[in-house]
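What follows is a single structure, written as structure tokens, with notes after it.
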Amino acid sequence: MWVLRGLRNGVLTTRWPARPDQYAQDSRGPAVVAARQPANADRLPGLCPTGAIAAAGGSVSLDQGRCIQCGRCVRARPEVFAWSAGPASAALIRPGLIVPDLAGLPGLPGLPGRPGRPESPESLAAVSEQLRARTRALRRSVHLRHVDAGSDGTEEWEILALLNPVYDVHRLGIFLTASPRHADVLLVTGAGARGMTEPLRRAYEAMPHPKIVIAVGTDAVGGGLISPSYATTAGVAATVPVDVWVPGSPPTPFAILYALLLALGRLPGADPAGRDAAAPARPAPGPPGPDAAAPGPPPPGPSAPSAAGAQR
């Protein structure tokens with residue numbers, strides 16, 4: 001029976017990124033700002049439970065690194081906020097997750113340690129070139145080590161989905177390993193639980209050079225809903241140096257795969273900040289909000305939904 005079913009369904013493994021995948025382009029990502037100078041902008045920050053929205057001087061910005069995709073802002077002000085679409089959500093620098101690029105405007109709060117500091121194209125290009133130089137030796141055989149630093153489990157479902165026949169990261173020469181001594185890339189999830197600070201640091205120090213650290217999910221990037229608190233470090237950057245930031249609660253398998261290829265320099269068309277220049281963020285189709293109808297099952301072909309995206 002299974003042989004007949006396999007012959008009938010054919011090859012379901014996605015060809016992305018070598019070929020376009022419609023499901024990857026339509027997958028929902030963090031919220032974006034659709035109107036930069038909306039009416040009553042000073043009231044917008046109160047919509048976000050994690051403080052991801054900032055407003056000053058009539059302008060508004062949104063930190064995707066703190067967006068938990070609850071949909072409150074999209075439901076309350078659909079003319080100002082919308083859902084992004086596509087896998088290109090990762091960035092090589094933390095300020096690259098602030099949309100639109102208003103972090104350097106007077107009065108808009110920046111990130112811890114760099115309040116209101118604008119990033120020049122030259123500095124972004126330097127970050128990209130440094131990462132490319134470090135990872136030049138990592139090409140067709142890359143091993144990943146995952147560490148859970150206080151996750152709620154959803155990011156783990158998405159990482160696990162990368163191993164199923166639909167995504168099949170093995171086709172790209174990417175494998176999971178149980179030992180950090182054999183790992184090239186460290187995938188870190190969770191808000192940075194203080195009880196995991198030392199195990200995470202030891203895993204990082206045990207990895208050989210060159211090594212890459214990817215913060216997977218909003219919790220790992222900025223601490224999520226439970227930070228700041230006595231139990232977390234508000235993200236994993238306080239424990240290990242992060243090279244690639246992947247927002248999302250949780251990010252889709254395509255978004256995680258995009259971050260991996262971006263870190264390895266195997267993704268053409270990415271700008272210095274780590275965004276895909278050929279596929280900028282765009283509003284996702286369908287009605288906004290988490291209660292919106294999920295896209296129907298993809299037609300037979302190289303696409304399938306993420307493992308846990310419907311759980312949040």
Side-chain angles (χ1 to χ4, degrees), residues 24 27-32 48-52 62-71 83-84 86-94 96-99 111 144-163 167 169 176 185-194 196-197 199-200 203-204 212-229 231-263 274-275 281 290 305-312:
S27 58
R28 195 177 77 179
V32 294
C48 184
T50 60
L62 187 146
D63 184 0
Q64 292 182 335
R66 303 185 68 178
C67 175
I68 59 173
Q69 297 178 245
C70 65
W83 295 113
S84 62
S89 59
L92 296 181
I93 57 171
R94 180 64 179 87
L97 297 179
I98 298 179
V99 293
L111 298 168
L144 315 177
R145 177 68 169 98
H146 166 245
V147 174
D148 180 350
S151 169
D152 59 5
T154 55
E155 287 85 2
E156 281 69 26
W157 278 103
E158 306 303 300
I159 294 174
L160 185 62
L162 291 175
L163 303 178
Y167 302 98
V169 293
L176 283 174
V185 179
L186 184 64
L187 297 180
V188 189
T189 59
R194 296 192 184 275
M196 285 298 298
T197 298
L200 176 58
Y204 174 79
I212 304 170
V213 178
I214 302 179
V216 180
T218 297
D219 289 350
V221 172
L225 193 61
I226 61 174
S227 295
S229 74
T232 70
T233 58
V236 301
T239 305
V240 292
V242 176
D243 298 299
V244 182
W245 310 79
V246 189
S249 188
T252 66
F254 277 118
I256 301 173
L257 183 56
Y258 174 92
L260 286 169
L261 297 177
L262 176 68
R275 303 288 184 158
S306 62
Q311 295 183 7
R312 297 294 290 269

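The figures that follow rest on heavy atoms only: side chains count, while hydrogens, waters and symmetry mates do not.
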Quick one: does any side-chain atom of [X] pair with a main-chain N or O of [Y] as donor and acceptor, under 3.5 Å?
X: Asp243; Y: Ile214; answer: no
X: Arg66; Y: Gly222; answer: no
X: Thr233; Y: Gly192; answer: yes

Quick one: [atom1] on [X] to [atom2] on [Y], what's the gap to the nearest 0.5 Å?
X: Thr232; Y: Arg194; atom1: OG1; atom2: CZ; answer: 6.5 Å
X: Ile256; Y: Glu158; atom1: CD1; atom2: CD; answer: 6.0 Å
X: Leu162; Y: Leu257; atom1: CG; atom2: CG; answer: 6.0 Å
X: Leu225; Y: Ile68; atom1: CG; atom2: CD1; answer: 4.5 Å

Any non-hydrogen side-chain atom of [X] less than 4.5 Å from a side-chain atom of [Y]?
X: Pro49; Y: Cys70; value: yes
X: Leu97; Y: Asp63; value: yes
X: Pro251; Y: Tyr258; value: no

For Ser151 and Glu156, which I'm curious about, is there any donor-acceptor pair between the side chains at under 3.5 Å?
yes
Ser249 side chain to Thr218 side chain, donor-acceptor N/O pair below 3.5 angstrom
no
Checking side chain to side chain contact (heavy atoms under 4.5 Å, CB included) for the pair Asp148/Glu155: CA distance, chi angles, key distance, verdict?
CA-CA 9 Å; Asp148 180 350; Glu155 287 85 2; over 6 Å; no
Which heavy atom in [X] sits nearest to a heavy atom in [Y], and how many Å separate them?
X: Leu62; Y: Ala31; value: CD2-O, 3.5 Å
X: Trp245; Y: Ala237; value: CH2-CB, 3.6 Å
X: Ala52; Y: Cys67; value: CB-N, 4.1 Å
X: Gly71; Y: Trp83; value: CA-CZ2, 3.5 Å
X: Val221; Y: Val246; value: CG2-O, 3.7 Å
X: Arg28; Y: Gln69; value: O-NE2, 4.2 Å

Verdict with supporting geometry, Thr189 and Leu187, side chain to side chain contact (heavy atoms under 4.5 Å, CB included):
CA-CA 7 Å; Thr189 59; Leu187 297 180; 5.8 Å; no
Go through the steps for Val240 and Val147 under the test side chain to side chain contact (heavy atoms under 4.5 Å, CB included), then give the verdict.
CA-CA 12 Å; Val240 292; Val147 174; over 6 Å; no
